[in-house]
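Have a look at the structure below, then the notes.
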Amino acid sequence: MPGFDVHQHLWPEPFTALLAERTSPPYVRIDGDGRRLVLAGEPGSRIDARAQDPDERAEQLAAAGLHRALLAISSPLGIETLPRAEARPLLDAWNDAAFALGVPFGVWGSVALDEPDGADVDALLDRGAVGIALPAGALATARGLRRAAPLLSALERRDAPLFLHPGPAPAHAAGDAPEPAWWPALTGYVAELQASWLVFAHWGRPAHPALRVVFAALAGGAPLHVERIGARGGPASAVHDPLVFYDTSSYGPRALDAAIRVVGRDA
């Protein structure tokens with residue numbers, strides 16, 4: 001049976017070109033090594049142009065026995081949380097380019113979180129998006145969950161899933177020493193995912209009983225804390241939620257084995 005990857009990133013040229021026009025993070029600059037991404041809350045990083053070639057990516061999928069990959073915008077860029085007037089052109093460029101790729105790619109649609117509107121979700125689902133991707137930081141508090149309610153309700157009404165991905169990264173505090181490149185992935189990303197898992201378990205599921213949710217990166221390992229969650233009076237039963245699923249990105253056999261023992265293989 002062909003495989004299916006729910007979590008990949010691709011940087012289409014129209015999207016990258018718009019980032020190159022910006023003068024404040026997130027933006028792309030061209031230097032001697034090619035294109036370099038500059039973010040407010042992370043060290044700069046080089047964009048590997050070859051890795052962004054859709055034809056080469058499609059060949060890699062076929063070689064790996066995968067018949068489809070779902071593309072999501074990279075939420076740590078913080079584009080979804082920009083003021084709506086700034087976010088919309090970038091999001092439109094990414095959505096349009098991702099849809100244009102066609103098979104073997106599918107699309108997690110991206111929407112602006114400034115004045116969230118369920119109509120944005122409907123428009124993307126009507127175009128063929130499998131669901132909507134949101135930065136986990138946007139749902140890491142009860143207030144954030146309430147703010148995103150129009151988006152979640154639209155997904156629930158259409159029986160389409162939500163994909164929670166790490167992001168946005170926090171800006172450096174004044175006077176902080178530069179962080180190593182791996183720092184955000186092991187601190188902010190994990191914390192955002194864990195918090196969003198707990199928020200959804202406690203407040204989100206009662207408010208959206210039919211919403212399917214996919215958490216990137218095992219929800220930062222949140223289900224593995226089930227014993228501590230239970231001991232502290234938290235929503236330990238959420239590890240058995242049949243509508244919550246876990247992407248395995250960046251984890252290996254030991255973590256996956258532990259997660260399977262808690263949430264089950266199907267999740």
Side-chain angles (χ1 to χ4, degrees), residues 5-9 41 69-81 87 91 94-95 106-113 116 118 120-121 124-125 129-156 158-170 184-225 229 235 238-239 241-251 255 259 262-263 267:
D5 190 337
V6 301
H7 178 191
Q8 288 202 7
H9 299 298
L70 302 185
L71 302 178
I73 200 168
S74 186
S75 289
L77 272 67
I79 291 172
E80 301 99 314
T81 60
L91 296 176
W94 191 90
N95 287 319
V107 179
W108 290 106
S110 290
V111 299
L113 289 169
D120 292 341
V121 174
L124 288 168
L125 295 179
V130 298
I132 298 296
L134 291 179
L139 269 69
T141 64
R143 181 180 180 182
L145 179 75
R146 290 192 298 269
R147 183 174 178 80
L151 308 177
L152 307 189
S153 294
L155 286 170
E156 189 175 23
R158 297 286 296 270
D159 190 29
L162 167 68
F163 179 44
L164 284 170
H165 187 280
L186 297 177
T187 55
Y189 290 11
V190 174
E192 289 159 358
L193 285 166
Q194 289 189 2
S196 65
W197 187 92
L198 289 165
V199 166
F200 188 79
H202 186 67
W203 290 289
R205 178 53 76 209
H208 303 281
L211 180 62
R212 288 175 291 150
V213 182
V214 182
F215 285 89
L218 300 181
L224 302 183
H225 296 280
I229 295 168
V239 298
D241 188 328
L243 298 181
V244 170
F245 304 90
Y246 303 89
D247 153 55
T248 63
S249 57
S250 76
Y251 285 102
V262 175
V263 303

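Count residues from 1 along the sequence.
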Do any N or O atoms from the side chain of Gln8 and from the backbone of Leu70 form a donor-acceptor pair under 3.5 angstrom?
no
Rounded to the nearest 0.5 Å, the CG atom of Asp241 sits from the CG atom of Leu243 at a distance of 5.5 Å
Residues at least two apart in sequence or cross-chain that pass side-chain contact (heavy atoms from CB on, under 4.5 Å) with Ala72, listed by chain then number, are His9, Trp108, Ala133, Phe163
Check the pair Val244, Arg205 against side-chain contact (heavy atoms from CB on, under 4.5 Å), reporting the backbone distance first and the verdict last.
-> CA-CA 10 Å; Val244 170; Arg205 178 53 76 209; 3.7 Å; yes
Interatomic distance, CG@Leu155 vs CG@Leu125, rounded to 0.5 Å, equals 6.0 Å
Per side-chain contact (heavy atoms from CB on, under 4.5 Å), His7 is matched among Thr248, Asp247, Val214 by Asp247
Looking only at atom types and distance, does a side-chain atom of Ser196 sit under 3.5 Å from a main-chain N or O of Leu193, one as donor and one as acceptor? yes
Between the CD1 atom in Ile132 and the CG atom in Leu152, the distance rounded to the nearest 0.5 Å is 10.5 Å
Next item on the list: Quick one: do Leu198 and Ile229 satisfy side-chain contact (heavy atoms from CB on, under 4.5 Å)? Show the steps, please.
Entry: CA-CA 9 Å; Leu198 289 165; Ile229 295 168; 4.0 Å; yes
On a heavy-atom basis, the closest approach of Gly109 and Ala129 is N-CB, 4.0 Å
Exercise. Using the ring of each side chain (for Trp, its six-membered ring), is Tyr246 parallel, tilted or perpendicular to Phe215, with breaks at 30° and 60°?
Worked result: parallel
Practice problem: Using atom types as modelled and distance alone, determine if a side-chain donor or acceptor of Thr141 lies under 3.5 Å from a backbone N or O of Gly144. | Solution: yes
By side-chain contact (heavy atoms from CB on, under 4.5 Å), Val239 pairs with (sequence neighbours left out) Trp197, Pro223, Val226, Val262, Val263
In terms of heavy-atom contacts, Pro76 and Pro166 come closest through CD-O, 3.2 Å
One should read off an interatomic distance between Arg212 CZ and Glu156 CD, to the nearest 0.5 angstrom, of 11.0 Å
Going by atom types only, do Ser75 and Glu80 share a side-chain donor-acceptor pair under 3.5 Å? yes
Just wondering, do Glu192 and Pro135 contact through their side chains at under 4.5 Å, heavy atoms?
no
Audit row: Leu164, Leu139, side-chain contact (heavy atoms from CB on, under 4.5 Å) steps and yes/no:
CA-CA 9 Å; Leu164 284 170; Leu139 269 69; 4.2 Å; yes
Q) So Leu113 and Leu134, side-chain contact (heavy atoms from CB on, under 4.5 Å) or not? Walk me through it. A) CA-CA 9 Å; Leu113 289 169; Leu134 291 179; 3.8 Å; yes
* So, Asn95 side chain and Ser110 main chain: donor-acceptor pair closer than 3.5 Å or not? -> yes
Heavy-atom nearest pair, Gly220 first then Gln194, reads O-NE2, 2.7 Å
